[in-house]
Q: 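Provided herewith is a single structure, encoded as structure tokens, for subsequent inquiry.
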Amino acid sequence: MAAAAEAPATVGQAVIPLVNGLQDIVARLDGNAAACLELPQVAAIGGQSSGKSSVLEALVGRDFLPRGPDICTRRPLVLQLVRHSATEEWGEFLHAPGRRFHDFEQIKREIQLETDKEAGGNKGVSEKQIRLKIFSPTVLDITLVDLPGITRVPVGDQPSDIESRIRAMIMQYIKHPSCIILAVSPANADLAHSDALQLAKLADPDGSRTIGVITKLDIMDRGTDARNFLLGNVIPLKLGYVGVVNRSQEDINFNRSIKDALAFEEKFFSTLPAYHGATHCCGVPQLAKKLNTILLKHITDMLPGLKSCINARLVAVAKEHAAYGDTAESTAGQGVKLLNILGKYCEAFSSMVEGKNKVSTDELSGGARIQYIFQSIFVKSLEEVDPCKSITDEDIRTAIQNSDGPKGVMFLPELPFEILVRRQISHLLDPSLQCAKFIYDELVKISHGCLTSELQKYPVLKKRMGEAVSNFLRDGLRPAETMITHIIEMEMDYINTSHQSFVGGSKIVEVAKQEVPSTSLATPKDGTATSSEIQLTSESGRKSRAVFARDANRGATSKQTDADTGTSAARKNQRGHSLVSGSSSSKSVPQVHNPDNLFSIIQLREPPITLKPSENQPEQDATEVSIVKLLVKSYYDIVRKSIEDAVPKAIMHFLVNHTKRELHNVLIRKLYRENLLDEMLRETDEVIIRRQHIQETLHVLEQAHRALEEFPLEAEKVEKGYSLAEYATGLPKIHGLNNGDPINIYASHGDQYSSVASYNSIPHPDANDGFPSS
Ligand SMILES: Nc1nc2c(ncn2[C@@H]2O[C@H](COP(=O)(O)OP(=O)(O)OP(=O)(O)O)[C@@H](O)[C@H]2O)c(=O)[nH]1
């Protein structure tokens with residue numbers, strides 16, 4: 001038997017290993033790369049019974065399509081060839097998912113049944129596709145489409161516009177620029193008016209994807225031949241024509257095999273003198289070759305896109321691979337690695353605090369947030385507080401009268417001011433401590449943001465570092481809080497009324513008087529005393545000490561005292577005055593020791609359980625209240641400024657900078673233990689798997705890159721090495737590119753294959769020829 005008959009020429013046969021090799025590589029990459037290698041569809045179009053199904057069958061090398069003299073293809077059959085790794089072959093229909101058809105005769109019957117189901121049993125035609133997948137280890141992932149034949153006269157159930165319907169249906173498929181058109185015309189009909197060629201011309205005007213296929217050369221009128229037509233002398237076609245001889249109806253009836261048919265075809269062309277010298281356009285193998293060439297060109301055209309896609313992936317994967325790093329085996333190596341990580345971590349921490357890391361343009365981060373907390377939250381909040389807002393006039397009066405004790409005073413003592421200002425200073429403690437807590441939280445946040453990707457793969461180390469850092473930060477918070485508490489306590493402990501900025505002198509009296517409406521000022525009752533007079537003495541210049549003369553209606557006289565004697569002097573005076581006059585408070589004090597009063601009819605009311613100052617001293621001077629407020633405000637401002645300055649300093653010193661300075665030492669002290677190295681640097685299973693995957697991907701990409709570099713050269717070899725003559729001596733077999741192996745091209749000599757072109761030649765006796773012959 002002729003060699004050609006043993007090895008049927010199937011579609012894409014010569015490029016199967018080459019293309020599949022590439023596809024193998026690309027399939028292991030992402031979807032984009034795989035899409036770059038998508039092969040075009042091949043659609044057979046032509047008049048009814050022109051031999052479309054027969055041509056496709058011959059190209060696939062399998063007998064599974066319904067064929068016959070009558071209309072057979074009445075629904076578009078989309079035939080997807082799917083390469084898979086198992087050795088078995090089977091077909092699967094979309095309308096019967098999960099059902100595998102191993103018998104190709106059964107596939108043929110299923111197509112007929114499914115056609116009848118949709119298009120009826122009486123020659124009806126439907127646009128609804130039948131989708132069939134053929135799984136085989138020896139095919140290209142390519143899609144072939146068998147379309148209903150163009151017909152003019154409606155028969156059976158066909159509608160009157162059947163011709164235009166079928167034409168429109170065909171156009172739907174062949175209009176896509178990626179569709180290769182097999183324009184099938186039978187040689188025993190008028191070739192010059194071929195429907196197939198006319199329709200193909202509409203969809204592909206420049207003929208760059210149309211192959212003319214002339215069938216039935218064996219049943220032309222005696223004495224005629226299609227030589228001129230095949231050579232393109234009648235209707236020129238860019239990609240040319242191929243004449244074929246398929247199985248006749250008689251052959252089908254007698255179950256003649258495809259390989260027998262191919263042998264017959266070869267004999268036909270070799271014996272008919274008309275086709276001598278036109279072998280390049282005669283026979284199914286030549287049609288397969290033409291298709292291969294087109295497929296190769298298609299892939300070659302796609303190569304630049306695929307290359308850049310693979311290059312981009314290579315760069316990205318190489319980067320990720322570098323990020324995963326190598327696994328350190330020795331203890332010394334592990335130690336260096338750990339020290340490296342700790343050093344980098346502390347560097348990253350400091351950089352983030354100092355704002356030297358990658359500066360984000362989206363939001364404030366690191367040190368900028370610390371500054372924001374100090375200035376825009378802490379300082380601003382303190383400044384917004386009115387120190388006297390929480391102090392009522394009644395509070396002040398109560399404080400004044402309480403400090404007077406049982407005797408009443410002539411001069412306003414310092415005590416109420418100090419009590420009140422101290423109370424207000426104490427209110428600064430909470431926000432100051434809160435500020436420290438905020439900064440602590442920020443540092444925790446910064447610590448979490450350091451070296452995240454590197455630490456991701458060492459969960460134990462990450463956990464231990466997290467613990468060590470947060471303990472250390474917490475340890476730093478405590479002294480900062482203690483310092484802040486001390487700062488506030490210091491302020492409360494000594495009210496420095498000699499402070500330069502503290503208001504004093506008679507000026508404050510004037511200010512207070514202006515602030516107090518005249519009606520609210522206390523009016524002397526007996527008219528003997530002078531009007532309310534409050535003096536603020538000044539020790540020297542602005543250094544002042546508050547001593548206030550009490551108003552006359554309480555019988556007090558103003559007296560200036562020197563700074564040293566201060567309040568005590570004022571008290572002495574007041575005491576003295578009480579002794580001398582003895583009358584200022586006598587009106588309200590019952591004379592319990594006077595025997596005349598023992599039987600007095602005047603009954604005293606019980607003193608209330610709670611005494612409010614106004615009840616006791618309704619004539620309390622509003623100016624005094626105002627002065628106390630002004631003093632509190634003035635002194636509070638001094639303290640506030642000092643706190644606004646000192647608290648951030650304390651936090652920076654005890655918490656932030658201390659952490660920056662000591663973190664590295666602490667981490668080394670806590671984590672760098674030789675016996676812990678293994679545990680610390682243990683990677684997650686996920687990381688181990690991911691690294692392996694990345695390594696493999698990198699390897700595949702490198703192979704793909706190499707293969708793509710070599711592809712044009714190999715494609716050229718395949719094209720050159722593929723000729724009908726080689727069919728006669730044995731088909732070339734190409735093995736290679738699978739899993740990145742080098743390409744080897746083999747030719748058969750009897751039962752043996754030998755390398756005719758090889759790179760790092762690896763003989764592969766299993767290399768296959770496409771579908772096994774039936
Ligand atoms: N002698 C001979 N018969 C052929 C040739 N090609 C096809 N036939 C026969 O022509 C008839 C129609 O062939 P098909 O392959 O079914 O043609 P088709 O174009 O697919 O037909 P429809 O799908 O029905 O339009 C069948 O009986 C085939 O055996 C050929 O080259 N020579």
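Each ligand, and each atom within it, is numbered from 1 in the order the structure gives.
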Q: Could you tell me, atom by atom, which parts of ligand 1 come under 4.0 Å of a heavy atom of Asp218?
A: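 Near Asp218, the atoms of ligand 1 are 1 (N), 2 (C), 30 (C), 31 (O), 32 (N).
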Q: Quick check: does Pro148 get an N/O under 3.5 Å from an N/O on ligand 1?
A: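 It does not: no N or O of Pro148 is found under 3.5 Å from an N or O of ligand 1.
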Q: Can you give me the closest heavy-atom contact between Glu88 and Pro137, atom names plus distance?
A: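 For Glu88 versus Pro137, the nearest heavy atoms are O-CD, 3.9 Å.
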Q: Please list the nearest protein heavy atom to atom 27 (O) of ligand 1 with its residue and the distance rounded to 0.1 Å.
A: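 Closest protein heavy atom to atom 27 (O) of ligand 1: Gln249 OE1, 2.3 Å.
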Q: Please could you name the atoms of ligand 1 that Gly149 approaches to less than 4.0 Å, counting only its heavy atoms?
A: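 Under 4.0 Å from Gly149, ligand 1 has these atoms: 25 (O).
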Q: Give the residue, atom name and distance (to 0.1 Å) of the protein heavy atom nearest atom 11 (C) of ligand 1.
A: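 Looking at atom 11 (C) of ligand 1, the protein heavy atom closest to it is Gly68 O, 3.5 Å.
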Q: Need the ligand 1 atom indices (1-based, order shown) with element for anything under 4.0 Å from a heavy-atom of Gln48.
A: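 So the atoms of ligand 1 that pass are 25 (O).
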Q: Consider only side-chain N and O atoms of Ser53 and Asp146, and report whether a donor and an acceptor are under 3.5 Å apart.
A: yes
Q: Checking Asp221 now: which residues fulfil side-chain contact (heavy atoms from CB on, under 4.5 Å) with it, not counting sequence neighbours?
A: Thr224
Q: So is Arg109 actually on top of Phe104's ring, under 6.0 Å and inside 45° of the axis?
A: no
Q: Got the closest protein heavy atom to atom 24 (O) of ligand 1, with its distance?
A: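 Ranked first by proximity to atom 24 (O) of ligand 1 is Cys72 N, 2.6 Å.
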Q: Do any N or O atoms from the side chain of Asn233 and from the backbone of Phe229 form a donor-acceptor pair under 3.5 angstrom?
A: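 Judged by distance alone, no pair lies under 3.5 Å.
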Q: Could you tell me the residue and atom name of the protein heavy atom closest to atom 22 (P) of ligand 1, and the distance to it rounded to 0.1 Å?
A: Ser49 N, 3.6 Å
Q: Name the orientation class of the two ring planes belonging to Trp90 and His84 (parallel below 30°, tilted from 30 to 60°, perpendicular beyond 60°).
A: perpendicular
Q: Is any N or O atom of Ser54, backbone or side chain, closer than 3.5 Å to an N or O atom of ligand 1?
A: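 Yes, there is a polar N/O contact under 3.5 Å.
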Q: Do me a favour and list the nearest non-hydrogen protein atom to atom 17 (O) of ligand 1 with residue, atom name and distance?
A: Gly51 N, 3.1 Å
Q: Test of understanding: given a 4.0 Å heavy-atom threshold, classify the contact between Arg247 and ligand 1 as side chain, backbone, both, or neither.
A: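 Only the backbone of Arg247 comes within reach of ligand 1.
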